Amino acid sequence: MRQIVVVIGLLPGVALAEGPTVPRYAEVTGQAGISHSYTGEWEQMVGGGAASFDCDGNGLPELFLSGGTVPAQLLRNVSAVGGDLRFEPVESGLELELVAGAYPLDVDSDGVMDLVLLRLGENVVMRGLGNCRFERANEAWGFDGGDAWSTAFAATWEDGQSWPTLAVGNYINHREEAFPWGSCTDNWLHRPAGETGFAPPLPLTPSFCALSMLFTDWDLSGVPSLRVSNDREYYKGGQEQMWHVEPGQPPALYSPEEGWQRLRIWGMGIASSDVTGDGYPDYFLTSMADNKLQTLAPQPEGQPKKPAFADVAFARGVTAHRPYTGGEVRPSTAWHAQFEDVNNDTYPDLFVVKGNVWAMPDFAMRDPNNLLLQDAEGKFHEAGDKAGVASFESGRGGVVVDFNLDGLMDIAVVNRNGPAELWQNVTEGGGHWLALRPASGGINPDGIGGWIEVRQGDDVQRRELTVGGGHVSGQAGWWHFGLGGLDEAEVRMVWPDGKEEPWQRLTADSFYILGRGQAPEAWSPGG
Amino acid sequence: MDKTRRFLLGSIPAAMALATLPGRSGAQTAAMPPDEILQDWYRLILELVRHTATYSPPVASRAFAYVGITAYEAAIIGQAGPRSLAGQLPGLTAVPSPVGQAELDPSVILQAALQTSVSHFFWNTGPTGQRAMGAMGRKLAEAAAVGVPADVAQRSSALGTAIAEHVIAWSRDDGGDRIENMGFPLTWEFQSGPEHWVPTSLVSQQQAPLLPRWGWNRAFAMPDGSSCGLPPPPAYSEEPGSDFYNEAYEVYDTVRNLTPEQTLIARFWSDDPMLSPTPPGHWISIALEVMAEDNLPVEQQADVLARLGITLADAFIACWRSKFEFDLLRPVTYINRVIDAKWQPILITPPFPEYPSGHSTQSGAAAEVLTGLLGADRAFGDATHEADGLPVRQFANFWQAANEAGISRLYGGIHFRAAIERGLEQGRCVGAYALALETLA
């Protein structure tokens with residue numbers, strides 16, 4: 001059982017008397033060298049993911065964009081550190097068609113990032129070869145890519161395993177034209193087969209048209225469970241799900257008897273962060289006309305935690321149910337969501353990608369993305385238009401990441417049948433920050449399933465290191481923390497096996513590698 | 001090709017026409033008989049209701065009424081006996097009729113009428129619904145026209161389309177044609193006083209009540225929304241022992257001590273929008289099952305679907321008129337305020353006032369109509385939610401089902417008993433108007 005760090009006070013921040021500092025974003029898609037679109041019709045009405053990860057070893061994250069009916073594209077990040085964002089297309093071996101989304105993951109723990117491609121048809125695991133080259137590894141790793149409409153992914157390392165466990169979420173049977181409702185196909189759990197790769201996948205039955213999955217240690221037990229967010233448009237008898245994935249045991253659904261509460265939404269994306277500061281991860285679930293922010297419900301003392309969650313979206317002002325600009329009154333459609341501190345005031349903010357499914361008249365056609373800034377009281381404030389990211393394209397996936405390593409979180413979005421968009425964060429005078437990256441030097445080198453904690457006085461920010469969630473969009477690399485007005489913070493890494501590194505005082509506005517059993521190592525671009 | 005299933009315009013009495021139309025199992029042709037076309041479109045409609053976000057129960061009931069009327073008018077074309085609903089429903093003028101002596105095909109007429117009608121009344125369904133409607137239309141148009149000469153098919157299709165368009169034109173000024181923001185007003189002025197409705201949902205959109213003006217829509221068979229008015233609910237009181245307190249305590253106590261059977265009943269009739277065909281769709285589903293089992297001729301099926309659709313729509317108009325007349329709070333509001341702050345119902349409390357129960361009113365109306373048209377002792381199995389994992393439930397007659405639907409709302413914790421009992425009575429009143437319509441001879 002892990003120790004729970006209870007946050008007593010409010011975190012320090014930049015001046016908040018009049019609400020959170022609104023960041024400033026510049027739309028730089030064209031000048032940054034990006035020209036890409038996720039295209040297609042019915043079989044591309046969902047999907048359209050992005051991925052970011054460093055594949056040439058310089059610390060700058062590259063950008064991968066899925067393409068639907070056109071080839072996916074990898075863009076090498078050639079930005080100057082702290083300068084304008086710049087990308088160049090690179091032939092990488094990732095140029096597959098019918099790609100819905102992608103997640104970076106160092107599958108074979110060789111220190112070179114691999115990429116899992118979710119597709120309409122066969123999924124493909126691409127082994128990183130270095131210098132942004134990739135090769136198909138399904139056969140070499142025993143990975144059965146199947147034949148489905150794959151739309152969700154999550155990964156974890158189960159205790160004692162040298163290979164990860166992969167969860168793949170599948171959507172409806174796309175061959176059902178007249179009556180697709182009720183045709184949700186099985187999700188899959190790809191577990192390791194010894195030291196060589198993967199066993200044949202286990203069906204996660206019942207499956208209810210997953211559009212997002214996340215391995216998360218919701219109760220801090222040390223063993224992550226698999227949350228699955230499902231699209232009620234297509235399932236019959238379905239609901240949101242969470243699976244026990246215990247080492248050596250078959251997966252098993254959390255039941256009502258254990259406290260699981262039925263929730264049925266148009267589940268499209270999961271974002272996770274400790275928003276409430278109670279030490280436990282909270283979950284933002286995207287949907288249509290409404291979104292949920294779930295926090296662990298109050299629990300009886302001295303008993304095992306029950307998977308019961310309270311919806312605090314309304315109370316915290318984060319329902320994001322209707323366009324806030326553009327003049328439409330019809331409700332919104334939300335897809336990718338991600339918590340990041342975009343103004344470095346220490347409070348996780350929330351970026352939500354919006355866009356009509358496809359000529360769905362009951363919902364807004366001009367549906368702006370949300371940038372919801374959290375204040376010191378835990379309330380969120382819409383700032384998408386003021387910040388400059390309120391695009392009316394038909395958004396799907398995205399990533400919020402610091403592309404030019406200036407300590408400010410930039411944003412890339414994939415739009416369906418419209419141009420992908422890139423916004424550079426050009427905020428001046430924001431708070432301080434830290435960028436941290438685990439490097440265990442062994443199996444699971446990125447410490448997936450672990451936690452990074454950043455302490456300032458009595459206040460602790462905790463981030464669970466996960467692979468999954470969002471809407472078919474993943475990222476790997478630096479984990480970002482805003483520090484507000486303070487120029488240093490204490491940091492420690494908690495590894496997936498529970499080993500806690502000692503607290504270390506680190507200087508703000510810097511990059512550090514968190515090694516196992518080692519003091520954090522300062523890193524600088526090109527250094 | 002089965003020549004017998006076609007007819008010359010205006011020349012066939014109803015009895016003969018019915019006799020010449022093939023039944024589900026007796027068709028001598030490869031072409032699809034009209035009753036199968038009717039059933040197939042309605043199966044799709046039930047899915048479209050579930051998957052079109054604006055289709056809350058009142059809105060769904062309106063679509064069922066207009067599609068049913070269209071089906072009935074298309075199904076009786078060319079027959080001397082049945083009486084059109086034109087002239088019986090307010091504002092519905094004579095529907096297009098055949099011109100001259102020309103051969104027509106009933107399957108093609110009905111197919112074209114339904115395709116036009118469904119495409120209109122579900123224009124706002126999403127991409128999958130649009131794709132399904134297109135696929136269904138292509139498949140059924142092709143199946144209906146097998147062996148039908150091209151000129152007959154063309155003429156029949158044009159007539160079916162014209163009938164549907166006539167009904168569509170009539171529908172436009174009934175008050176329910178345009179729904180904004182899924183039926184939720186953007187602003188709402190709450191009545192003061194502890195007895196009045198307040199939002200019970202954490203969904204932002206549902207902080208105003210659903211469709212507050214629906215009760216003033218043009219009614220179908222009954223004169224208007226006030227035709228089946230109700231007495232007030234028990235007087236509001238927080239005093240233990242008062243009628244109102246006792247009603248609330250009954251809900252509280254029942255939900256805390258639910259039997260597995262009561263829980264199942266609550267879930268079986270829950271019929272949540274966007275997760276089911278909604279309460280009116282549930283009754284359409286029951287009717288479809290019974291009629292298919294009884295192998296009823298298409299005219300009779302269309303008559304049932306028309307009058308059932310009409311009474312369901314009237315029921316929601318009458319019920320919504322009463323709901324906003326009395327504007328009563330929901331059990332969860334009262335119980336949390338007066339009895340137990342932590343109590344929660346097992347069903348999602350709908351986002352509009354409590355009295356009367358909508359499911360009860362429309363179930364009472366449906367039972368009244370189905371009893372009148374299909375018999376007082378027609379036992380049936382209800383498989384509406386089988387695909388969602390709920391078992392088939394058996395009923396001895398339609399009123400037994402309606403009574404169970406009513407009490408399910410108390411088990412679910414979302415209605416007081418008065419709203420259920422008076423809702424069922426309101427439904428009986430509404431249903432009588434639809435039964436009084438003159439249709440088949």
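The model shown is predicted, which means the values in this text are computed figures rather than measured ones. In what follows, chains are A, B, ... by sequence order, proteins preceding strands, each numbered from 1.
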Would you mind checking which part of [X] comes under 4.5 Å of any heavy atom in chain A, side chain (CB onward), backbone (N, CA, C, O), both or neither?
X	value
B/Q205	both
B/S276	neither
B/L202	both
B/Q206	neither

Short N-O contact, [X] and [Y], less than 4.0 angstrom:
X	Y	value
A/D367	A/R322	no
A/K292	A/D290	yes
B/D177	B/R62	yes
A/E328	A/R330	yes

*Segment of A/P331 engaging chain B (4.5 angstrom heavy-atom cut-off)*: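 A/P331 touches chain B through backbone and side-chain heavy atoms alike.
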
The interface call for A/W42 against chain B, heavy-atom contacts under 4.5 Å, is side chain

Ranking B/A387, B/G126, B/G389 by heavy-atom pairs under 4.5 Å to chain A gives rank one to B/A387

What distance do A/K354 atom NZ and A/S332 atom OG have between them, rounded to the nearest 0.5 Å?
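Answer for the NZ-OG pair, A/K354 versus A/S332, is 3.5 Å.
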
Non-hydrogen contacts under 4.5 angstrom with chain A: give the residues of residues 341-350 of chain B involved, or none if there are none.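 B/I348, listed by number.
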
Is the distance between the ring centroids of B/F268 and B/H282 under 6.0 Å?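 Yes, close enough.
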
Within residues 231-241 of chain A, residues adjacent to chain B where the heavy-atom gap is under 4.5 Å
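Interface residues of residues 231-241 of chain A: A/R232, A/E233, A/Y234, A/Y235, A/K236, A/G237.
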
